[in-house]
Amino acid sequence: MGLFSRIKGSKKSTTQQDAGAVAPLETAPDKPGFFGRLKESLTKTRRGFIEKIDVLLRSRAIDEDLYEELEEILVQADVGVNTAMELVEKVRRTVKERRVDDAGELKDILKEHIRDMLGDDTTFLDAGSEPPTVIMVVGVNGVGKTTTIGKLAHRYKADGNKVLIGAADTFRAAAIDQLEVWSERVGVDLIKHREGADPAAVAFDSLQAAKARRADILIIDTAGRLHTKTNLMEELKKINRVLNREIAGAPHEVLLVLDATTGQNAVNQARLFGEAVGVTGIALTKLDGSAKGGIVIAIKQVLDIPVKLIGIGEGIEDLRPFSPVDFVEALFAE
Ligand SMILES: Nc1nc2c(ncn2[C@@H]2O[C@H](COP(=O)(O)OP(=O)(O)OP(=O)(O)O)[C@@H](O)[C@H]2O)c(=O)[nH]1
Ligand SMILES: [Mg+2]
């Protein structure tokens, strides 16, 4: 079974049993080197974070200075000030409880608490009572929305789903063209209007097409900025309303794409979009180029919105479900 399993019951008529069908996203490795790739993509974060901790803990006594420096490293790794304090406090407590006197053991204790903080693996999609399951992708410009949509469509298709993409980022022609290139590469249909068209109208047409063509999954791209005076959040709300009017419960997933290289600002973006359109999950992109992978911890702790997908490269295969277990193992890997 692939990473994205088929949406159960989507090819049958809707029965009570089908209601609430989900497309769980499995986190088990699907090919050799899976973990190695993840580990490699976290190299920069590991250098700025774990390697500093290694140096810090080398033949040191456990004292206040040590805790302070540990906190400093965590803050620098974009874990966030409050979360860094919280983590250090947890480590301090564990050290006391277990009567640890070797600083070298702090690394494993920290790892344990980060792992706890990140929680359990999540499944990707919220329940959609009947196909199509609608995924609306939002985020500020340049974070990787369109690329993530291409990769996501590819994964769903590979698992036997019929996928349709809606080009509701009508801000510029190039945005539509870029999505078209992805749809051709993946081999899925694209619903588009002209540049400057009403994004909500594109969303509406996409949904009608998804129903008519019996698509399992509809993924909708949206703009990250606007050239008109229209407020981006108002536009997204409108798309949201249109989708919800046509299918109760749609969009089933509002996926916020965040760029891992932006660090703490990503948290602000998540707040903004969360208030406007109710984000259900986060795709954290460009982890491969970021030294700020600690943002994963901040997002979980401050916002409690699950990171569901991570982007670890520009290639079609470089998107994967986020697994806290794998992430922490890869981050702390020797
Ligand atoms: N290294 C790396 N690059 C990525 C990743 N995801 C996206 N990118 C790159 O980021 C750049 C912007 O990606 P887009 O998908 O165009 O971003 P967008 O959010 O759709 O941008 P706008 O439509 O302008 O708002 C592209 O060059 C992508 O190849 C990733 O996980 N890793
Ligand atoms: Mg785009």
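Residue indices begin at 1 and follow the sequence shown. Just so you know, ligand 1 is whichever comes first in the structure, and atom 1 is the first atom listed for that ligand.
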Solution key, residues 72-86 side-chain donor-acceptor pairs under 3.5 Å, sequence neighbours excluded:
from: E72; atom 1: OE2; to: Q76; atom 2: NE2; distance (Å): 3.4
from: Q76; atom 1: OE1; to: K52; atom 2: NZ; distance (Å): 3.1
from: D78; atom 1: OD2; to: Q264; atom 2: N; distance (Å): 2.9
from: E86; atom 1: OE1; to: Q301; atom 2: NE2; distance (Å): 3.4
from: E86; atom 1: OE2; to: Q301; atom 2: NE2; distance (Å): 2.6

Item to complete: Between R172, K151, E314, K145, flag the one that comes closest to atom 6 (N) of ligand 1 by a heavy atom.
Response: K151

Worksheet item: Evaluating non-hydrogen atoms only, which member of T147, V140, L319 is closest to atom 15 (O) of ligand 1?
Response: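 Among T147, V140, L319, the closest heavy atom to atom 15 (O) of ligand 1 belongs to T147.
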
Discussion item. Please report whether ligand 1 has a polar contact with T148, defined as an N or O pair separated by less than 3.5 Å (distance criterion only).
Written reply: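 No, there is no polar N/O contact under 3.5 Å.
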
Fill in: Close N or O approach (T285, ligand 1; < 3.5 Å)
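No, there is no polar N/O contact under 3.5 Å.
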
Can you tell me which residue and heavy atom of the protein come closest to [atom], and the distance to 0.1 Å?
{"atom": "atom 17 (O) of ligand 1", "answer": "G144 N, 3.0 Å"}
{"atom": "atom 12 (C) of ligand 1", "answer": "G142 O, 3.6 Å"}
{"atom": "atom 1 (N) of ligand 1", "answer": "D288 OD2, 2.6 Å"}
{"atom": "atom 8 (N) of ligand 1", "answer": "K286 CE, 3.8 Å"}
{"atom": "atom 30 (C) of ligand 1", "answer": "G313 O, 3.1 Å"}

Is the shortest side-chain N to carboxylate O distance from [X] to [Y] below 4.0 Å?
{"X": "K151", "Y": "D318", "result": "no"}
{"X": "K300", "Y": "D304", "result": "yes"}
{"X": "R98", "Y": "E105", "result": "no"}
{"X": "K90", "Y": "D116", "result": "no"}

By number and element, which atoms of ligand 1 are closer than 4.0 Å to a non-hydrogen atom of [X]?
{"X": "I312", "value": "31 (O)"}
{"X": "G311", "value": "31 (O)"}
{"X": "R225", "value": "24 (O)"}
{"X": "D169", "value": "23 (O)"}
{"X": "Q178", "value": "14 (P), 15 (O), 16 (O)"}

Discussion item. Suppose the cut-off is 2.8 Å; how many protein N/O/S atoms fall inside it around the Mg ion (ligand 2)?
Written reply: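 With waters ignored, the protein N/O/S count below 2.8 Å is 1.
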
State, yes or no, whether a side-chain contact exists between [X] and [Y] at a heavy-atom distance under 4.5 Å.
{"X": "H154", "Y": "E317", "answer": "yes"}
{"X": "P324", "Y": "D120", "answer": "no"}
{"X": "R194", "Y": "I176", "answer": "no"}

Worksheet item: So, T280 and E253: side-chain donor and acceptor under 3.5 Å apart, yes or no?
Response: yes

Practice prompt. Verify the distance criterion only: is there a donor paired with an acceptor across the side chains of T146 and D221 at less than 3.5 Å?
Written response: yes

Worksheet item: With a 4.0 Å cut-off on heavy atoms, is G139 touching ligand 1?
Response: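 Under 4.0 Å: no for G139.
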
Worksheet item: Among the heavy atoms of G289, does any lie under 4.0 Å from an atom of ligand 1?
Response: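 G289 does not count as a contact of ligand 1 under the 4.0 Å cut-off.
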
Listing, residues 287-296 side-chain donor-acceptor contacts under 3.5 Å, not counting sequence neighbours, or none:
from: D288; atom 1: OD1; to: G313; atom 2: N; distance (Å): 3.3
from: S290; atom 1: OG; to: A260; atom 2: O; distance (Å): 3.1
from: S290; atom 1: OG; to: K292; atom 2: N; distance (Å): 2.7

Worksheet item: Apart from V181 itself, which Ile, Leu, Val, Met, Phe, Trp or Tyr residues share its cluster (side-chain heavy atoms under 4.5 Å, direct or through members)?
Response: none

Worksheet item: Passes side chain to side chain donor-acceptor pair (under 3.5 Å), T285 versus D259? Steps please.
Response: CA-CA 5 Å; T285 60; D259 177 340; 4.8 Å; no

Worksheet item: Cation-pi between R225 and F171: NZ/CZ under 6.0 Å from ring centre and within 45° of the ring axis?
Response: no

Worksheet entry | For ligand 1, the portion of V143 having any non-hydrogen atom under 4.0 Å away | both

